[in-house]
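Here's the structure, in structure tokens; my notes come after.
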Amino acid sequence: MIKLKNVSKYYYSKGVIATGFTKVNLEFNIGEFVAITGESGSGKSTLLNVISGLDSYEEGEMYVNGKETSHYMEKDWEIYRRKYIGNIYQNFNLINSYSVYQNIDLILSLNGVPRKLRKSKINELLARVNMTRYKHTKVSKLSGGQKQRVAIARALAKDVPVIIADEPTGNLDKAAAISVIKLLKEISKDKLIIIVTHNYDQVEDYVTRKITMHDGRVLEDKKLMDVSNDDNLIKTASLKNINILEKVRLGIRNTFNIVPKFILLLLVYSFIVCALMAEYSYFRLNEEDIEKLGYNNLFYDTNPSRIIINKNDKTTFSDDEINKIKSIKNVESISTNAVVDDIIFQYSNDNDIWINCLLKPIDNFKGKVDVGRVPEKDNEVIVVGSKSILTSPDKILNKDLYTDYDNGKLDKSTGIKIVGIKYSDNTSSFKYTDSIMYVSNNYINNMTYLTNKNYSEIKLKFMGTNYKIGSDNNFKIDTNDWVSPGKAFISSSLNSYCDKEKCIGRDFDINIKNIYFESNKSFNIEKVYDSKNINKILNLPDYNKDNFNEYYDFTFYINPNDYRDLFNKGTYEISVYANDIKNVDDISKKLNSMNYHTLNIKDTLVRDDSVKIIRVIKIIVTCILIVVLFFISYFIIKLILKSRNSYFAILRMLGANISVCRNLLVLELFNVASIAYFIFLLLAKMNENKIITVKFINIVNRYFTFNDYLTLYLIIILMSLFISLRYASTLFKKSVMNTYREEA
């Protein structure tokens, strides 16, 4: 069956050539129980390794069933070991972290035996070697004799024609040794058994053939018993590949079977996860800071967390729709008016105070005032700004202020009183303004018409002719409390447009049109004024007749409420504020799904090249970090996995090919990397739910989206894969015995 013709084995180490054995000529057949003896260093174990296919040979030819093997590559030797060879080693070569059952199950799973068939076979083998009671015991807790019995059961599990045993009784007492030899004798009836022993007296009564070696040569080949050499008894193991489920199962077992190794690997991968997350979060923090510095020329409130929305059909928002928008996740507040993009100038009557500000609803104010108190009435407000602007708080508090809304005229109906001051330098997202003023909703509603007026086209239909306010004509529209609702006062110059200069009792129309609505209202002319009687008719305390032609002539005076009614037609545009800039896109998507048109302010901002530079730097630094982490972690993992080299060497001795070993290594590191990653996700979730509080994890939660987490996971898994493959390339390029010798 196995024939060696002039076979020699040499070792090369640091330029020195050593001889394992020289010019060996032997032939072995089924049914033989062969004992190889000789002093230490005579080449016995080396001969067994060559016969086993664990080591190569340099000269001669070894035949298996008449076929040459000198051309065999490592893959061929893997197939040979799987089909023909079962090994029993002097030091057992069992997986100490596995149980007795798992050690035998391992070799069956490597050879593709279905799981449902393995249990009965393992129980049968354990009974045969009298180890049933220990099947769930870890191998590390067994005695030497018990381990050797497990090794024999494992060798028998493959059901191969050749069993090769190197000093199978070397670590056993006399009784245990005899028991093992008897068992080997029993199974030699239909197999070839070759053992190496120093104690020939123990096996003399059982072996059929004795081979004595000295100094790498065969001195004696003595036949002790006749055996029938029937080639029909040769029964090779059936070759089946381990399936993917078994690989996964082994990978999971290997992940946890050595606790110190698992903990060390988990620490390494946890460091990788934290390092990558910290790097990404740091750059996102810098990006966000720069994003807040952007500007545009259309909006005064350039808060990057702001989303402007309107309806696609240009209709108004109902109260139900507004409440639904408020209830969207991560919406901090909303503003149902367009005043947020108008700067309102607030004056004192004596011009001693002048504050330009943006108006925001009092409901949006957070925190406490630094000076004064919170508002209690509609006309009471809080102002927020820097100390350099809001100087002399005693001078500002409780002072009556008025709004300059049209051509420098004060409107006392929109008067306010500052009752609270909060100091803050965080107004950088508001352009051209010193401060923010938090006012009542009623006050904002009164002011909404100012914005609508600024963005509306105003036309007059007077005496059958249409006139556009602000065009070449001198026509103006103003308000006065002395004008009754629905009525109008006009100047004598306008009166001349009527037949016989009699406009009193005549009607004219005012038409308002903008992108959202069109409004129209008719007015009846009740009085006509001129430079002499205007003050009496309109009660203008600051009137100067020298300014009549410039400010008062060609003016249609109507009631203030009528004027506001033309512009206040409901809520057509809403500003939604996210609780965090990172949630803007998600909120915007939700609003789009509700059939609203959205505009994210952060996407309209003009910025310098800082963001682009930071993003380029982030990509470069991330790549460098990944490379550095790869080599650092590879070096550490290589040291940790060095203790696993013997495991993979044993797998190869048992017949596992390099591909299977590599897959198991990849799966083991994949599992540890995934566990480290998901432990961090669990901590992030606990931090989010306030179960724990870690500042670093808070930052990660702030900036990481689902896509970020997924990308990071893929990076970690790819790193783990490359580490595995790199380590495998160095581990498996050596022969089985070279790897094993290094570990031994």
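With sequence neighbours left out, Y516 forms a ring pair (Phe, Tyr, Trp, His ring centres under 6.0 Å) with Y572. With sequence neighbours left out, F678 forms a ring pair (Phe, Tyr, Trp, His ring centres under 6.0 Å) with Y713. Residues meeting the salt bridge (Lys or Arg N to Asp or Glu O under 4.0 Å) test with K502, sequence neighbours left out: none. Remark: D507 pairs with N524 by the side-chain hydrogen bond (donor to acceptor under 3.5 Å, both in side chains) rule, at least two apart or across chains. K569 meets the salt bridge (Lys or Arg N to Asp or Glu O under 4.0 Å) test with no other residue; sequence neighbours excluded. Take F523 and apply the ring pair (Phe, Tyr, Trp, His ring centres under 6.0 Å) test, not counting sequence neighbours, and it matches F508. Looking at residues two or more places apart in sequence or on another chain, you find a side-chain hydrogen bond (donor to acceptor under 3.5 Å, both in side chains) between D708 and Y280, T705. The salt bridge (Lys or Arg N to Asp or Glu O under 4.0 Å) test applied to E279 returns no partner, not counting sequence neighbours. The salt bridge (Lys or Arg N to Asp or Glu O under 4.0 Å) check on K311 picks up E321, with sequence neighbours excluded.
Applying the side-chain hydrogen bond (donor to acceptor under 3.5 Å, both in side chains) test to residues at least two apart or on different chains, the pairs with a partner in residues 322-332 are N330-N579. Within the structure, the ring-ring contact (aromatic ring centres under 6.0 Å, His included) test picks out the following pairs touching residues 363-395 (sequence neighbours left out): F365-Y438.
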Salt bridge (Lys or Arg N to Asp or Glu O under 4.0 Å) between K487 and D562, worked out: CA-CA 9 Å; K487 300 298 183 178; D562 285 340; over 6 Å; no
query: Can V384 and Y423 be said to form a side chain to side chain contact (heavy atoms under 4.5 Å, CB included), step by step?
result: CA-CA 6 Å; V384 178; Y423 295 115; over 6 Å; no
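Aromatic ring centres of F489 and F556: separated by at least 6.0 Å. Residues Y543 and Y551 keep their aromatic ring centres 6.0 Å or farther apart.
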Validation: residues 685-695 side-chain donor-acceptor distances under 3.5 Å, sequence neighbours left out:
unit_1, atom_1, unit_2, atom_2, d
N687, OD1, V694, N, 2.6
N687, ND2, N698, OD1, 2.3
N689, ND2, K685, O, 3.3

